[in-house]
Amino acid sequence: MFSQLALLLAVALPSLARPINDTLLDEYDYIIVGGGASGLTVANRLTEDSSVTVLILEAGPSDQNEEWIRVPYFMGNDPSPPAEALSGHLDYDWNFGTEEQTSLDGATRHYPLGRGIGGGTLINGFLWNRGNAGDYDEWETLGNDGWNWDNMLQYFEKNEKFATDVTASDASGYSIPATDSSVHGTSGPVNVSFQGYFYPATQNVYAALNELGVPTDSSDPNNGQSAGNSFLPMSMDPTSKTRSDARRALYDPVASRDNLYISNGQFVTKLNIENVVQPANEASVRTTSRGQGDHPGLKLNSLVNVLSKNVNIFNLMPVGSLKDLFGLRKVKRSPPRPMPKREKKEKRALPNVRITGVEYGTDAGATRQNITARREVILAAGAIHTPLLLQLSGIGDESFLSSMNVTTAVDLPGVGNNYQDHFQIATYAPYGNESFPVCESYGADSVADVSNRNEFYSSQTGPWTAGAPNGVAFPSLKSMTTNYSTIASSAQGQTSGQYLADNLDDTVIAGYEKQKALLVANLQNENRSQLEILNDNAGHLTYSVMRPFGRGQVRIRSRNPFDTPVIDPRYGSNPIDLQFFMEALRFNSRLQATDAMAELQPSESYPTAAQVADDAQLMTLIKQGIFTEYHPTGTASMLPLDLGGVVDARLKVYGTQNLRIVDGSVMPMIPAAHLQACIYGVAEKVR
Ligand SMILES: Cc1cc2nc3c(=O)[nH]c(=O)nc-3n(C[C@H](O)[C@H](O)[C@H](O)COP(=O)(O)OP(=O)(O)OC[C@H]3O[C@@H](n4cnc5c(N)ncnc54)[C@H](O)[C@@H]3O)c2cc1C
Ligand SMILES: *[C@@H]1O[C@H](CO)[C@@H](O)[C@H](O)[C@H]1NC(C)=O
Ligand SMILES: *[C@@H]1O[C@H](CO)[C@@H](O)[C@H](O)[C@H]1NC(C)=O
Ligand SMILES: *[C@@H]1O[C@H](CO)[C@@H](O)[C@H](O)[C@H]1NC(C)=O
Ligand SMILES: *[C@@H]1O[C@H](CO)[C@@H](O)[C@H](O)[C@H]1NC(C)=O
Ligand SMILES: *[C@@H]1O[C@H](CO)[C@@H](O)[C@H](O)[C@H]1NC(C)=O
Ligand SMILES: *[C@@H]1O[C@H](CO)[C@@H](O)[C@H](O)[C@H]1NC(C)=O
Ligand SMILES: *[C@@H]1O[C@H](CO)[C@@H](O)[C@H](O)[C@H]1NC(C)=O
């Protein structure tokens, strides 16, 4: 009787969720900057203790259940974006562009980055993996006690609600190994499950990879041992087959907690640091700026001139809607101010500054607000915005900060450096054999639309339950080319700091040298991934470098927080990274010529076999074709101070009493994986 009554009450009670943008308190125990993957994880865990209060400030919008966000087929891209849109992610993207990539073709690159309650998990490609065990063990080798695979596993598991919902026939048909339940969680917040549709061409691609010596994973691809091909699970609700994003997994279920507040549309402009006064903002942006860039998406035609159909893994627009999307606006921005030569200084003790809270506002013209943090400020703004906020607040390389007239609070030369990303190139070999279904036939405008839509909503099956990247491989370099040892020795022969940016502090260079030794060793290990191959079932295979040797830089363009950031990935700055692509594209040519691919009748279009055979032509194509795989990391690395570190092994910023960073910025070396699961794991570990 009692329990029935309780049930009745529970059902009858109105939802007590505190609305977004509820009136704020004057102060909070914790203020979290950024409501993406990492920020919402930490907010959720902190508010389990009802005695602490937490505020999340998120700059971006609150989503409206858009079909193109929810349904896997669309991969977070509006299939018919409004004319003025810069990418299919609409307002959920910062629409930044990189600086001119001088080691490539000199052009800038569109740089998609998540924006909104849920951050990158609103628009990402659903793919769910963690990388190799060694990727984490290396974090410990670099000087971070307790950061290794064995220790991380409990946090990966804590975040997951894993479901193995593949039929026995799909499992055997698509070589999906049995789930290893010892490496998965089943009661965490984020749903992980399998697509309900498989493109048969994937079988050919797998068999082709096997022919060339890349193995199919015989065990669970998330057990830390994977260096072959496999189907990755997806961040997806197993019942509705819709996106399991950070908002739905980590915020919505606890929105009724009395101690949790969130405001969106609020851009944090500065950390307030006791006894540190910063000069006024520069008037370098229009007053309506909300900090977004105006860089249009990739110009597919110039990238891959054979793309007749507008389907793509990297900014998927099903069927015929991309044509007018690009080149609408010119990018207007001032050039970056140079990095000054760092003054040699006596070693001196770090300060121990206290962060009192943050300043924020809706746009450059709006009145700013202050809010107080009693205990800590936690940065979860992602690997681009976190270093910017540090620099604007006086935490960074003193020589650079003073050249910008920013008052230095803590001299930390690692801020904005050690930037690492995965970057990719898309090949194209459309299939002549029309009996193989290709993903481009299933979009919103296609003839098949009505039936696919109906199937999705009535039985949660069919092509709309799956993204285009249907089957992936994370091969070792050794399994792809006999040239691996030549490449390893040429990497080993590079002198200290060679190919890094100018004017870096010695500690940053020392940190890189330690990483480089690990990278070189990796190249000769058949169990460690060096590249990723994504198959989109429309004739594209992308090749991405997982463990880059080059290092980039992120910094403020001016002393106005609403100005666009200087994002310089420095793609190709280390020639070894370009060498990986040479090997990858030669491999691709061999792959298209395998017996297993013959059934698909691929026609090698980009690059052509002739282009691949000519080293100079191939290098030119590579330099034109490289673009981001959306995985910035490293810009506030967890490393010892004498290796250019910004945070310690508790993720606390050196020289501060109460500032922590929990997002992708802290990864000292990028894992060979898509990053959402890795970032959730890092955020779960913060204590
Ligand atoms: C197009 C795309 C595809 C991707 N595909 C995959 C995939 O298939 N699989 C995968 O695992 N990963 C994928 N990723 C990467 C993954 O989504 C990110 O690595 C992850 O979301 C990063 O988590 P984070 O917490 O570090 O930052 P984010 O999730 O980006 O969150 C940072 C948040 O902070 C907010 N913010 C920034 N500055 C401020 C400020 N000053 N004030 C207030 N708020 C601020 C931002 O708006 C954002 O919401 C993809 C990413 C993109 C962009
Ligand atoms: C996870 O899946 C369950 C079962 O389908 C569903 O009830 C829940 O809403 C999902 N949560 C998220 C965050 O996707
Ligand atoms: C919260 O307020 C901001 C700023 O006014 C606004 O942009 C945003 O849409 C509001 N969010 C919701 C969910 O109403
Ligand atoms: C916020 O506080 C800082 C110092 O604590 C002060 O310099 C600044 O002017 C304040 N800003 C607003 C908008 O009150
Ligand atoms: C810094 O201040 C000096 C002296 O006022 C001024 O000449 C210079 O232009 C300023 N630089 C920046 C980047 O604001
Ligand atoms: C190894 O590199 C050379 C050029 O340096 C190239 O000609 C050859 O094709 C490469 N081998 C393989 C297996 O790709
Ligand atoms: C790779 O893994 C296999 C199987 O576990 C093992 O036999 C081999 O020694 C490993 N190779 C390296 C270089 O660690
Ligand atoms: C095309 O694919 C079908 C179905 O798999 C197959 O039967 C046929 O042999 C293929 N055609 C060619 C020319 O390989």
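Counting starts at 1 for both ligands and their atoms, following the listed order. Quantities reported herein were computed from a predicted structural model and do not represent experimental measurements.
When each atom of ligand 2 is checked for a heavy atom of Thr239 under 4.0 Å away, the hits are 4 (C), 5 (O). Heavy-atom contacts of Arg248 reach the following atoms of ligand 2: 13 (C) (cutoff under 4.0 Å). Within ligand 5, the atoms closer than 4.0 Å to a non-hydrogen atom of Arg337 are 13 (C), numbered from 1 in the order shown. Proximity to Ala249 (heavy-atom distance under 4.0 Å) selects the following atoms of ligand 2: 13 (C).
Annotation: Phe231 is in aromatic contact with Phe198 [ring centroid separation under 6.0 Å].
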Under 3.5 Å, side-chain donor or acceptor atoms of residues 357-364 against the rest of the protein: list the pairs with distances, not counting sequence neighbours.
{"residue": "Glu359", "atom": "OE1", "partner": "Thr269", "partner atom": "OG1", "Å": "3.4"}
{"residue": "Asp363", "atom": "OD1", "partner": "Gly365", "partner atom": "N", "Å": "2.9"}
{"residue": "Asp363", "atom": "OD1", "partner": "Ala366", "partner atom": "N", "Å": "2.9"}

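In the displayed structure, Glu100 atom CD is contacted under 6.0 Å by at most 12 heavy atoms of other residues, nucleotides or ligands.
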Show the distances, to 0.1 Å, for all pairs joining an N/O atom of ligand 3 and a protein N/O atom that are shorter than 3.5 Å, listing one pair per line.
{"residue": "ligand 3", "atom": "2 (O)", "partner": "Asn21", "partner atom": "ND2", "Å": "2.4"}
{"residue": "ligand 3", "atom": "11 (N)", "partner": "Asn21", "partner atom": "ND2", "Å": "2.8"}
{"residue": "ligand 3", "atom": "11 (N)", "partner": "Asn264", "partner atom": "OD1", "Å": "2.7"}

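Considering both main-chain and side-chain atoms, Arg243 never comes within under 3.5 Å of ligand 2 through any nitrogen or oxygen pair. In terms of N/O distances under 3.5 Å, ligand 2 is approached by Asp237. When only interatomic distances are considered, the shortest N/O to N/O separation between Arg559 and ligand 5 falls below 3.5 Å. Checking only distances, Ser403 never comes within under 3.5 Å of ligand 5, N or O to N or O. Looking at Asn191 next to ligand 2, an N or O pair under 3.5 Å apart turns up.
The heavy-atom pair separating Asp93 from Leu113 by the smallest distance is OD1-N, 3.0 Å. Closest of all the heavy-atom pairs between Arg342 and Ser399 is CA-OG, 3.4 Å.
By the ring pair (Phe, Tyr, Trp, His ring centres under 6.0 Å) test, Phe562 pairs with Phe267, sequence neighbours left out. For Tyr261, the ring pair (Phe, Tyr, Trp, His ring centres under 6.0 Å) partners are Tyr28, not counting sequence neighbours.
Tested against Arg248, the residues Asp63, Val190, Thr121 include a single side chain to side chain contact (heavy atoms under 4.5 Å, CB included) partner, Asp63.
When only modelled atom types and interatomic distance are considered, Thr564 and Arg557 share a side-chain donor-acceptor pair under 3.5 Å.
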